[in-house]
S.K.: 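Before I ask anything, here is the structure I am working with.
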Amino acid sequence: EETTEGYFLRTLGNKSSTVLYYRELIEMLALSRSQKLPQPGEDTQILELLVQRDKEFQELMEVAQQQGKVHQEMQLLEKEVEKRDSDIQQLQKQLKEAEHILATAVYQAKEKLKSIEKARKGSISSEEIIKYAHRISASNAVCAPLNWVPGDPRRPYPTDLEMRSGMLGHMANLPSNGMNGHLPGDALAAGRLPDVLTPHYPWQPSDVSVGMLPPHHGNDFGLEPPGHNKENEDDVEAMSTDSSSSSSDSD
Amino acid sequence: MPAKNRFQSELEFVQCLANPNYLNFLAQRGFLRDRPFINYLKYLLYWKEPEYAKFLKYPHCLHMLELLQYEHFRKELVNAQCAKFIDEQQLLHWQHYSRKRTRLQQALAEQQQAPQQPPQHGNASAK
């Protein structure tokens, strides 16, 4: 199958033959002037050939015109295609953007849900908080009494006396000789105060419900908590709450 | 040990940890180097949960308990100087709000003294 171009080139390539025809015709016409009809059929033949050539050219021109039209249409369609392509790309960009925004929104919503859950888990009734705040403030456990001066035995932690009068203190005070290193008969060293003098420090809860139990540990530690009795008190430094030694005037 | 007693003894013990002198006492006797004791300290962290924490009278103990989880802290507590320093800082912190309140009260008292003078007008008919 030959392209229009190829055909044109081939035909034009034959222009030498076309030119030859023309030259021959002109020569013949020139001769026919001077002579009387040298070859009767030849000029007709050449003319016919020329006419034929002309027809062929005409046809080719028509084909070229049609192809030109087709080419134009093709260009129009290509432009359309380009436009659609750019539309699609634009849409793609927008979708990507939307996806990004949505992903961010979803992530933030999840974070919010997490913090809501966390807040819900940690929610405590205001009444309980107020009760607790009162409990720790009224006893001066977290805020010093306004009239506190160095020398005041009160502290933000259980003092010696409180420790010894607590359950642990009593547990450790077993009446036996030389128990835990302190001499028998030294009731003070043993931490056993006469009951009437035992101050009741309200740091053991009186409202412990039976349901309140410490988490199970199954005796993994193999150790009883150290006693609060004054074993080897002599070499215990600063165990007592001798307030003069802990004066904090250095403000 | 019955559970209720165990609860009470652990409650008392964990609060004793608020006392830096007691911590020094424990450190000097080597308790803070003892592996079972260290495990016990970790176990005691349950007092941080609200349903247990509400029984604490001395909340400072929770901070001490957290610090005690660190080996470095446990080692330092052997020094009496360290315990004394902690004690001093703890007391200063304890007094922080009282000092603030006292200052506020003083400021309020000063403020109330100031606008006692009546305004002087030139053409006051009351004079």
Side-chain angles (χ1 to χ4, degrees), chain A residues 122 124 128-129 131-132 135-136 139-148 150 154-160 162-163 166-169 171 201-205 207-208 210 212-217 220-226 228 231-232 235-241 245-248 250-251, chain B residues 1 3-13 15-22 24-26 28-29 31 34-40 43-44 46-47 49-61 64 80 83-84 87-99 101-102 105:
Chain A
I124 301 176
E128 267 204 61
I129 293 183
K131 254 201 288 185
Y132 185 68
R135 183 180 147 87
I136 59 179
S139 55
N140 294 313
V142 288
C143 183
L146 291 171
N147 56 357
W148 196 90
R154 290 177 286 185
R155 287 291 182 277
Y157 44 73
T159 56
D160 239 36
E162 284 179 62
M163 293 201 291
M167 185 176 122
L168 285 174
M171 266 168 55
Y201 290 86
W203 65 317
Q204 301 94 359
D207 54 348
V208 177
V210 180
M212 189 81 252
L213 299 175
H216 177 65
H217 68 87
D220 284 335
F221 319 102
L223 176 76
E224 293 297 329
H228 299 269
E231 47 173 316
N232 304 324
D235 36 0
V236 174
E237 284 191 61
M239 173 69 167
S240 67
T241 54
S245 67
S246 51
S247 69
S248 38
S250 49
D251 240 294
Chain B
M1 186 195 276
K4 180 166 186 274
N5 286 353
R6 189 153 75 86
F7 178 82
Q8 189 151 334
S9 59
E10 285 179 7
L11 173 64
E12 284 184 20
F13 180 70
Q15 291 186 99
C16 290
L17 298 178
N19 187 335
N21 304 304
Y22 182 59
N24 182 233
F25 168 80
L26 290 175
Q28 286 185 344
R29 269 147 191 75
F31 285 110
D34 192 32
R35 187 34 59 176
F37 189 78
I38 295 170
N39 294 340
Y40 185 66
Y43 155 77
L44 285 176
Y46 75 85
W47 285 103
E49 299 296 312
E51 55 267 22
Y52 289 102
K54 68 184 179 191
F55 293 106
L56 296 174
K57 183 183 164 202
Y58 298 105
H60 283 192
C61 68
M64 295 300 192
K84 187 163 147 64
D87 193 30
E88 281 172 2
Q89 293 300 309
Q90 200 177 354
L91 285 173
L92 285 171
H93 174 73
W94 184 51
Q95 292 161 5
H96 172 72
Y97 284 111
S98 338
R99 273 202 298 276
R101 208 175 288 165
T102 318
Q105 281 181 345

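Chain letters run A, B, ... following the sequence lines, proteins first and then strands; every chain starts at 1.
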S.K.: Taking all non-hydrogen atoms of both residues, which atom of Ala141(A) and which atom of His60(B) are closest, and how far apart?
M.R.: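 Taking every non-hydrogen atom into account, O-NE2, 4.5 Å.
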
S.K.: Mark yes or no for whether Asn19(B), through its side chain, and Tyr157(A), through its backbone, hold a donor-acceptor pair below 3.5 Å.
M.R.: no

S.K.: Which heavy atom of Ala18(B) sits nearest to which heavy atom of Pro156(A), and what is that distance?
M.R.: CB-O, 4.4 Å

S.K.: Could you tell me which non-hydrogen atom of Trp94(B) sits nearest to which non-hydrogen atom of Arg154(A), and how far apart they are?
M.R.: CH2-O, 3.4 Å

S.K.: Work out which heavy atom in Arg155(A) is nearest to a heavy atom in Tyr58(B); give both atom names and the distance.
M.R.: O-CE2, 3.9 Å

S.K.: Closest heavy-atom contact between Arg135(A) and Lys54(B)?
M.R.: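 So the two residues come closest at NE-O, 3.8 Å.
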
S.K.: How many angstroms lie between CD in Glu12(B) and CD in Glu162(A), if you round to the nearest 0.5 Å?
M.R.: 10.0 Å

S.K.: Can you see which heavy atom on Thr102(B) is nearest to which on Leu146(A), and at what distance?
M.R.: OG1-CD2, 4.2 Å

S.K.: Heavy-atom pairs under 4.5 Å with chain A are the metric here; pick the option from Pro50(B), Pro20(B), Ala83(B) that has the most.
M.R.: Pro20(B)

S.K.: Short question: side chain of Gln8(B), backbone of Met167(A) - any donor-acceptor pair under 3.5 Å?
M.R.: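 No: the side chain of Gln8(B) does not pair with the backbone of Met167(A).
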
S.K.: Leu44(B) versus chain A, heavy atoms under 4.5 Å apart: side chain, backbone, both or neither?
M.R.: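 When you check distances to chain A, no heavy atom of Leu44(B) falls under 4.5 Å.
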
